[in-house]
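What follows is a short report on a single structure.
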Amino acid sequence: MANAFWCIVEDDRQGMPKKVMAEVIGEAARLAGGQVEAVWLTDTASDAGLKQLGEWGATRVWLLENAAYAPYRSEVWAGAVAELAAKESPKAIFGPVTSRQREFVARLAARLGVGLAADCVGFSLADGQLAATRPVYAGKLLSKVRWRRNPWLATLRPNVFKAAEEQAGRSPAVERPALAAIAATTTFVERREEAQTGLPELTEAEVVVSGGRGLKGPENFALLEDLAKVLGAAVGASRAAVDAGWRPHRFQVGQTGRTISPKLYIGCGISGAIQHLAGMRTSKVICAVNKDPEAPIFRIADFGLVGDLFEVVPLLKEEFKKLKEKSG
Ligand SMILES: Cc1cc2nc3c(=O)[nH]c(=O)nc-3n(C[C@H](O)[C@H](O)[C@H](O)COP(=O)(O)OP(=O)(O)OC[C@H]3O[C@@H](n4cnc5c(N)ncnc54)[C@H](O)[C@@H]3O)c2cc1C
């Protein structure tokens, strides 16, 4: 429908939208006053997935279901969504900040010849004009931007916006538009799946426990994993730990890694360099464990524990375990 707010679905590749979509749809609904539609590019949608999008508030789902949409290729996605947008004239197109949508929405903006506000942490509407707030200079400043014309394209940082409340039983209208044949200029040569850690994904986790050079070696990340299991947390790392080969790059938090905004961030043996803070300073509560009381991370920490992480982390794990047992 013309003037709708579109939300590009990030899914789990198994037919279900990821929970970050509740935040994207929730924020779009707040701004659009309800006229929110989801656009889902997939090779395997599921009825449960469609229903979930409806319960989060999407009134319509544009279902682009085609084998060519998975695995993801930005050129294919951008071509399809640009064609649909030209026909339907959405007012805004939102997506979550994920590896693929970061790339895809930028390409879509170029195709449509419109502006993109990436990594947004807030929106406001005044006189029918949307303004987006986004961090700049590694998170040291917040800038407010507006678009010259529609559609307003934006990516939304996970764990910042209020998730939509589920409205049980609501189901969306499902449209399966006919689009031109998809011409890809790249072909897949090899695809490798990441090994599952059994812990939540870094960018979506509500709690993140991160380790830095202070861990002294890759084997000691087991300490953080033990704590993470108790908290249902993801495990992140500083660049120093990643550069040393202790963790793969996908776990790196910071300017050249992932940007996260969990409810609780626990940094262990991390000094708090500006490039690290760029990736986690919007966390709601920051806790730091460091043996150096002068470590810069304590300047932004809500809770600072000065001590040896090899003593503190196991104690934290035991205390959290007791608290969890107490609260049942
Ligand atoms: C262009 C550019 C991009 C960058 N991008 C990133 C990025 O994306 N992410 C990132 O993290 N960094 C990034 N960096 C690197 C960044 O500048 C720092 O070098 C890096 O973050 C340091 O990692 P660290 O805190 O683990 O190590 P260090 O700075 O060496 O800090 C280790 C800390 O551990 C503490 N410690 C040691 N032993 C213990 C113990 N037993 N118990 C408790 N505490 C202990 C020490 O007191 C120290 O504070 C980037 C740098 C550049 C130039």
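Both ligands and their constituent atoms are indexed starting at 1 by order of listing.
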As an exercise, identify every atom of ligand 1 less than 4.0 angstrom from a heavy atom of [X].
{"X": "Phe310", "result": "41 (N)"}
{"X": "Gly212", "result": "26 (O)"}
{"X": "Asp292", "result": "47 (O)"}
{"X": "Asp308", "result": "40 (C), 41 (N), 42 (N)"}
{"X": "Gly257", "result": "8 (O)"}
{"X": "Gln255", "result": "7 (C), 8 (O)"}
{"X": "Gly254", "result": "7 (C), 8 (O), 9 (N)"}
{"X": "Ser238", "result": "11 (O), 23 (O), 24 (P), 26 (O)"}

Do side-chain atoms of [X] reach the backbone of [Y] as a donor and acceptor pair under 3.5 angstrom?
{"X": "Ser283", "Y": "Val285", "value": "no"}
{"X": "Glu55", "Y": "Gly169", "value": "yes"}
{"X": "Asp11", "Y": "Gly15", "value": "no"}
{"X": "Tyr265", "Y": "Lys284", "value": "no"}
{"X": "Trp147", "Y": "Gly115", "value": "yes"}
{"X": "Arg134", "Y": "Ala118", "value": "yes"}

*asked:* Tell me if the centroids of the rings in Phe94 and Trp6 come within less than 6.0 Å of each other.
replied: no
*Phe251 ring centre to Arg247 NZ or CZ under 6.0 Å, with the angle to the axis within 45°?*
yes
*Is the closest N or O pair between Leu309 and ligand 1 shorter than 3.5 Å?*
yes
*Quick check: does Gly269 get an N/O under 3.5 Å from an N/O on ligand 1?*
yes
Note the single closest protein heavy atom to [atom], along with its residue, its atom name and the distance in Å.
{"atom": "atom 18 (C) of ligand 1", "result": "Ala273 CB, 3.6 Å"}
{"atom": "atom 35 (C) of ligand 1", "result": "Asn290 OD1, 3.4 Å"}
{"atom": "atom 17 (O) of ligand 1", "result": "Gln275 OE1, 2.8 Å"}
{"atom": "atom 37 (C) of ligand 1", "result": "Gly214 CA, 3.4 Å"}
{"atom": "atom 30 (O) of ligand 1", "result": "Arg213 NE, 2.7 Å"}
{"atom": "atom 38 (N) of ligand 1", "result": "Lys216 NZ, 2.9 Å"}
{"atom": "atom 44 (N) of ligand 1", "result": "Lys291 N, 3.2 Å"}
{"atom": "atom 5 (N) of ligand 1", "result": "Thr256 OG1, 2.6 Å"}

*Judged by non-hydrogen atoms, does Gly279 sit under 4.0 Å from ligand 1?*
no
_Please confirm whether Gly307 approaches ligand 1 to less than 4.0 Å, judged on its heavy atoms._
yes
*asked:* So for atom CD, which belongs to Glu65, do other residues, nucleotides or ligands contribute more than 12 heavy atoms lying within a distance under 6.0 Å?
replied: yes
*Closest candidate by heavy atom, reference atom 13 (C) of ligand 1, pool Gln252, Arg239, Glu294*: Arg239
*Nearest non-hydrogen atom to atom 31 (O) of ligand 1 belongs to which of Ser271, Ala240, Ala244?*
Ser271
_Hydrophobic clusters here meaning ILVMFWY residues chained together by side-chain heavy-atom distances under 4.5 Å, can you tell me if Ile93 and Trp40 are in one?_
no
*Identify whether the distance between the nearest side-chain nitrogen and carboxylate oxygen of Glu325 and Lys322 falls below 4.0 Å.*
no
*With sequence neighbours left out, what residues match Lys229 under salt bridge (Lys or Arg N to Asp or Glu O under 4.0 Å)?*
none
*Identify which one of Arg258, Lys18, Lys19 satisfies the side chain to side chain donor-acceptor pair (under 3.5 Å) criterion when paired with Glu201.*
Lys18
*Only one of Leu305, Asp308, Val306 clears side-chain contact (heavy atoms from CB on, under 4.5 Å) with Val289; which?*
Leu305
*Is atom 28 (P) of ligand 1 less than 4.0 angstrom from some protein heavy atom?*
yes
*What part of Val253 sits under 4.0 Å from ligand 1 if we count only heavy atoms: the side chain, the backbone, both or neither?*
backbone
